[in-house]
Amino acid sequence: MAEAYDVQEVELRWQKIWEESGLYQVDLDDTRPKSYVLCMYPYPSGPAHQGHVKNYTYGDLNVRYRTMKGEAVLSPFGFDSFGLPAENAAIKTGIHPREFTDARIGELKSNVKRLGAVYDWRREIRSHDPAYIRWSQFIFTKLYEAGLAYKAEAPVNWCPGCQTVLANEQVLADGTCERSGDLVVKRNLSQWFFRITRYADELLDMLEDLDWPERVKTMQRNWIGRSVGAEMDLVVEGRPDLALRVFTTRPDTTFGMTYAVMAPEHPLVAQVVTDAQRAEVDAFIEAVRNLSDVDRVSTSENRPKRGVFTGAKVMNPFTGEAVPLFIADYVLMTYGTGAIMAVPGEDQRDYDFAKVYGLPVVRTVQPPEDFEGEAYTGEGAKINSGFLNGMPIPDAKEAAIAWLEERGRGTRSVQYRLRDWLVSRQRFWGCPIPIVYCDTHGAQPVPAGQLPVLAPDDVEFLPTGESPLGHHEGFKQATCPVCGGPAVRETDTMDTFVDSSWYFLRFCDPFSPEAPFSKEAVDAWMPVDQYIGGIEHAILHLMYARFFTKALSDLGMVGPNLREPFARLFTQGMIRLGGSKMSKSKGNLIAPAQYFETVGADALRVFHLFVGPPGDDFDWTEQSDEMIEGCSRFLQRVYRLATDPSLAPTGEGQRGASIELRQATHRAIDKVTTDYERWSYNTAVAALMALTNQAYKSLQAGADAPSVNEAVDAILKMLAPMAPHMTAEAWSLRHPEGIIHAEPWPVADPALLVSATETMVVQVAGKVRDKIEVAVDISEDGAVALALGSDKVRNALGSDRPSRVIARLPRLINLIP
RNA sequence: CCCGUGGUAGCCCAACUGGCAGAGGCGUCCGGCUCAGAACCGGAAGGUUGAGGGUUCGAAUCCCUCCUGCGGGACCA
């Protein structure tokens with residue numbers, strides 16, 4: 001293609017200018033309104049992929065647009081640089097993870113710069129930088145002191161592939177690891193947890209007011225899984241000292257309890273089982289233990305419920321009636337109290353079990369006449385329920401809870417699906433947990449003055465599956481901060497999601513050697529006004545970062561009003577190739593770098609913006625290259641229009657053509673501005689293409705110089721956040737003193753948005769029969785008269801007079817015969 | 001199974017509170033320019049809006065049923 005400008009030369013030159021100009025470096029004393037635009041900081045996996053290009057194009061566009069609107073925009077960049085791939089590479093090649101990671105960072109960073117994205121690079125963060133590690137550890141010790149970090153033994157998720165434990169959030173619904181795909185197994189281990197459950201209610205309630213995609217909010221709500229109900233004690237028959245605690249969301253159905261169930265792992269199993277049933281129960285528990293978690297929770301096939309009678313009976317707290325107690329694997333020890341009352345009349349799972357074991361079904365809600373199902377979970381009046389009879393369900397719930405509480409047999413209770421966040425990882429390439437263990441003083445946080453705790457360099461990476469830290473005697477040796485005696489250092493590192501839970505705060509003030517960040521800087525910049533990233537972080541990162549913000553706020557490290565980190569979130573669509581997500585692990589990458597060398601960064605950016613709505617997934621096809629060519633062609637066309645002397649308007653111009661162009665320009669300004677605000681970049685690009693076409697046409701038709709120059713300058717400005725290099729170059733040639741990205745955003749003149757006439761569509765019985773140019777303020781009578789003046793309309797109508805007229809003037813009139 | 005979100009020209013996609021199905025691009029075809037081609041410029045063709053029913057003067061848009069793509073949740077008591 002013949003190029004109007006040398007893409008390589010122009011893009012590299014402007015990138016240098018931006019880097020040196022400091023236009024996008026902002027400081028606390030800036031007097032412009034402050035805003036904060038942030039893309040999720042990346043794991044440095046090597047050269048950029050198309051997902052990065054999409055992400056940073058949206059980010060850069062927002063930064064440049066807001067700057068042109070007069071804001072001081074904080075736009076930092078950093079790297080989430082701890083993680084397993086670097087450690088795996090070390091085992092394979094012997095290269096230290098730091099060296100490996102720094103090299104990958106170099107590749108990604110140069111690609112990001114080549115994209116033309118601008119950042120305040122003074123603020124760059126790397127998670128593995130000792131200065132960052134120090135403060136991650138400092139925050140850990142603060143959480144520990146506040147009781148928000150604790151060590152406990154629990155059945156945890158162990159990934160054999162990654163050779164480490166995982167958080168619940170990192171295990172997929174089918175029981176596999178989200179990273180490696182290996183089947184995760186349960187192990188009882190002593191691990192560090194963060195008490196995220198303390199914030200469950202706030203995490204749920206504050207979702208309401210966030211300007212986030214509904215789908216992300218729904219995912220978080222599901223994950224937190226709040227259930228409101230009651231807990232109560234079911235006393236074992238003949239054992240007044242022994243009671244089984246159950247949780248239910250339907251205390252109103254207790255009169256319909258016909259049996260009860262405990263989880264196989266329940267601690268009271270041994271105490272309640274009768275001698276006669278012991279052998280059968282032991283066999284059942286053994287059988288369940290041998291099932292993988294996947295088999296156990298699988299609901300894909302309709303597998304019958306399995307259970308075994310304990311020989312014991314428990315008593316209904318309301319009626320005193322004794323019902324059989326079972327052990328069944330459909331009750332989970334990890335939720336609620338690990339035991340339930342079973343009401344087959346109103347719960348399908350209980351019904352299924354009752355059917356298998358021939359247990360009675362009692363309804364406590366009157367189903368409608370035509371109800372044909374098994375368990376009835378709908379609305380209705382209470383029946384068979386003593387003092388609750390006749391009440392609607394919500395009232396009956398309240399009455400039942402009040403009854404239980406008055407007699408001390410139960411209490412109102414709220415349960416969550418959310419578990420505490422397991423942060424220990426048995427890996428080397430992560431932030432060491434800053435704890436030492438003393439024989440006399442137990443677990444002690446490393447004092448702030450001794451931070452950071454850094455992993456030693458003299459370690460060997462062997463494919464044993466074990467972290468080298470655990471074998472490093474020098475690292476393990478420590479002294480107790482309380483007594484000064486010998487202590488053993490914790491050798492686990494933190495989940496890398498800990499690093500990403502506070503980096504956005506550090507960006508506000510990464511300079512201070514005295515603190516992780518200054519409260520003043522965080523007050524000034526936070527919350528992030530626009531956060532941009534992938535949907536894959538909907539639960540993990542976004543939930544953890546919200547938790548950290550709330551915890552740090554309660555600790556007084558950030559202001560009391562900062563309860564949410566990200567005011568507005570945008571999640572970009574996924575890029576697929578051949579049906580699956582484009583990713584390094586799938587080996588189906590189309591590297592952006594090749595386009596930098598051919599059509600240039602601007603064309604690739606515009607392609608990503610133009611190809612479809614930003615939130616939609618899109619499939620990379622053979623046609624994508626042709627579409628990128630098309631975007632390149634458009635940019636060249638704009639550049640020519642803006643700079644080619646042979647296209648300069650001549651003479652005094654045609655008045656009609658000039659006005660037509662001015663109206664088109666101002667309509668485009670209005671439309672494109674709206675589209676920027678609502679993240680409709682694909683239609684914004686389309687509108688700019690249309691205006692460019694119009695400008696060429698108007699030039700041909702003899703539009704005058706002021707109207708053409710107005711159009712061209714507006715196109716360049718509105719395109720400047722999208723295609724920064726070309727527009728900067730063209731602008732500098734037209735206005736040698738000016739810098740386009742420091743120009744104000746164009747404003748539409750309302751007078752040019754309206755016209756005197758409009759095309760009125762004339763329908764007869766809903767079908768279009770004619771189109772007539774009319775004054776915008778035409779009356780209904782006038783419009784009918786004009787319409788009846790048309791032969792086509794009169795023929796279709798078949799008479800002189802419509803029986804009915806529907807008018808939406810001046811755009812439409814519909815005549816009914 | 002439940003929830004959410006899509007299905008418009010060969011392809012990617014527009015269409016504000018229901019009002020001419022089309023803004024833009026890709027591809028295809030025709031013409032101009034050229035010795036010829038590329039590039040460039042001008043123009044054209046292309047439709048049962050996933051299917052069926054309903055509401056309405058009028059439905060891509062609202063309601064119901066079904067088909068289908070994608071995402072999430074799912075013995076969570």
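Numbered from 1 within each chain, the chains take letters A, B, ... in sequence-line order. Remember, predicted model here, so these are calculated numbers, not experimental data. Only this structure's heavy atoms are used, side chains among them; waters, hydrogens and symmetry mates stay out.
Applying the 3.5 Å distance criterion, the base of B:rG19 shares a donor-acceptor pair with the side chain of A:Gln763. Under 3.5 Å, the side chain of A:Gln623 and the base of B:rC12 form no donor-acceptor pair of N or O atoms.
If you measure from atom CD1 of A:Ile539 to atom C1' of B:rG72, you get 8 Å, rounded to the nearest angstrom. In this structure, A:Asn814 places its CG atom 9 Å from C1' of B:rG19, rounding to the nearest Å. Rounded to whole Å, the distance from CD1 on A:Ile806 to C1' on B:rG18 is 13 Å. What separates CE of A:Met574 from C1' of B:rG71 is a distance of 9 Å, to the nearest Å. Atom CG of A:Leu641 and atom P of B:rC41 are 11 Å apart (whole Å). Regarding A:Leu691, its CG atom lies at a distance of 13 Å from the P atom of B:rG25, rounded to whole Å. When rounded to the nearest whole Å, the span between NZ of A:Lys767 and P of B:rA21 equals 11 Å. Following rounding to the nearest Å, A:Phe634 (CZ) and B:rC13 (P) show an atom-to-atom distance of 19 Å.
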Verdict with supporting geometry, A:Glu231 and A:Thr411, side-chain hydrogen bond (donor to acceptor under 3.5 Å, both in side chains): CA-CA 5 Å; A:Glu231 280 179 44; A:Thr411 169; over 6 Å; no
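No donor-acceptor pair closer than 3.5 Å links the side chain of A:Asp619 to the backbone N or O of A:Thr621. Looking at A:Asp770, its side chain never comes within 3.5 Å of a backbone N or O of A:Val762 through a donor-acceptor pair.
Contact check, A:Asn222 against B:rC2: no side-chain N or O comes under 4.0 Å of OP1 or OP2. Note on A:Arg667: every side-chain N or O is 4.0 Å or more away from OP1 and OP2 of B:rA23. Contact between the side-chain N/O atoms of A:Arg221 and the OP1/OP2 oxygens of B:rG73 is not found at any separation under 4.0 Å. For B:rA77, the OP1/OP2 oxygens have a side-chain nitrogen or oxygen of A:Ser227 closer than 4.0 Å. One finds no side-chain N or O of A:Arg215 lying less than 4.0 angstrom from the OP1 or OP2 phosphate oxygen of B:rC70.
Here the nucleotide nearest the side chain of A:Arg633, chosen from B:rG27, B:rA77, B:rC41, is B:rG27. Listed candidates were B:rG27, B:rA77, B:rG73. Nearest to the side chain of A:Arg417 is B:rG73. Picking from B:rA77, B:rC26, B:rG19 the nucleotide with the shortest atom distance to the side chain of A:Asp347 gives B:rA77. Comparing B:rC41, B:rG24, B:rA77 by their closest approach to the side chain of A:Ile340 singles out B:rA77. With B:rA23, B:rA77, B:rA14 as the choices, the nucleotide that has an atom nearest any side-chain atom of A:Pro613 turns out to be B:rA14. Counting only heavy atoms from C-beta on, A:Arg576 has its side chain closest to B:rC70 among B:rC70, B:rG25, B:rA77. Distance from the side chain of A:Asp329 is smallest for B:rC75 among the nucleotides B:rC75, B:rG42, B:rC57. Proximity note for A:Asn682 (side chain, C-beta onward) versus B:rA14, B:rC26, B:rC75: the nearest is B:rA14. Side-chain atoms of A:Phe610 lie closest to B:rG25 of the nucleotides B:rA23, B:rG25, B:rA15. Here B:rA14 is the nucleotide among B:rG24, B:rG19, B:rA14 with the atom lying nearest to any side-chain atom of A:Thr683.
Across all strands shown, the partner of B:rG69 is B:rU5, judged by Watson-Crick or G-U wobble contacts whose two distances both fall under 3.5 Å. The base-pairing partner of B:rU17, taking Watson-Crick or G-U wobble contacts with both distances under 3.5 Å, does not exist among the strands shown. Under the Watson-Crick or G-U wobble criterion, with both distances below 3.5 Å, B:rA44 is paired with B:rU28. If you check B:rG37 for Watson-Crick or wobble pairing at under 3.5 angstrom, you find it has no partner at all. Look at B:rA60: it lacks any Watson-Crick or wobble partner with both distances under 3.5 angstrom. Applying the Watson-Crick and G-U wobble criteria (two distances, each under 3.5 Å), B:rU49 pairs with nothing in any strand.
B:rG46 and B:rC26: their C1' atoms are spaced 14 Å apart (whole Å). Here, B:rC62 and B:rU49 have their P atoms 16 Å apart, quoted to the whole Å. When the C1' atom is used for both B:rG42 and B:rG4, the distance is 47 Å, rounded to whole Å. Taking the P atom of each, B:rG50 and B:rA15 are spaced 15 Å apart, rounded to whole Å. Taking atom C1' on both B:rC1 and B:rG54, the two are 28 Å apart, rounded to the nearest angstrom. Distance check on atom C1': B:rG73 versus B:rU8 gives 31 Å, rounded to whole Å. Between B:rA9 and B:rU28, the two C1' atoms lie 12 Å apart (nearest whole Å). Taking the C1' atom of each, B:rU61 and B:rG19 are spaced 11 Å apart, rounded to whole Å.
Nearest-nucleotide assignment on RNA chain B puts the 5′-proximal partner with A:Val761, out of A:Gln415 and A:Val761. With the nearest nucleotide of RNA chain B identified for both A:Arg804 and A:Phe247, A:Arg804 has the one nearer the 5' end.
Remark: the A:Asp201 side chain and the A:Tyr416 side chain contain an N/O donor-acceptor pair separated by less than 3.5 Å.
Within 4.0 Å (heavy atoms only), A:Gly630 reaches sugar-phosphate atoms of the nucleic acid but no base atom. Across all strands shown, A:Asp350 has no heavy atoms under 4.0 Å from either base or sugar-phosphate atoms. Using a 4.0 Å heavy-atom cutoff across all strands shown, A:Thr248 reaches sugar-phosphate atoms only and no base atom.
Nearest heavy-atom pair across A:Cys631 and A:Phe607 is SG-CA, 3.5 Å.
Ring geometry, A:Phe326 versus A:Tyr259: the interplanar angle exceeds 60°, so the pair is classed perpendicular (tilted spans 30 to 60°).
A ring-ring contact (aromatic ring centres under 6.0 Å, His included) with A:Tyr681 is found for one member of A:Phe570, A:Phe610, A:Tyr676 and no other, namely A:Tyr676.
Side chains of A:Leu647 and A:Leu699 form a contact here, defined as non-hydrogen atoms less than 4.5 Å apart. Residues A:Met333 and A:Met262 have side chains not in contact (no heavy-atom distance under 4.5 Å, counting atoms from C-beta outward).
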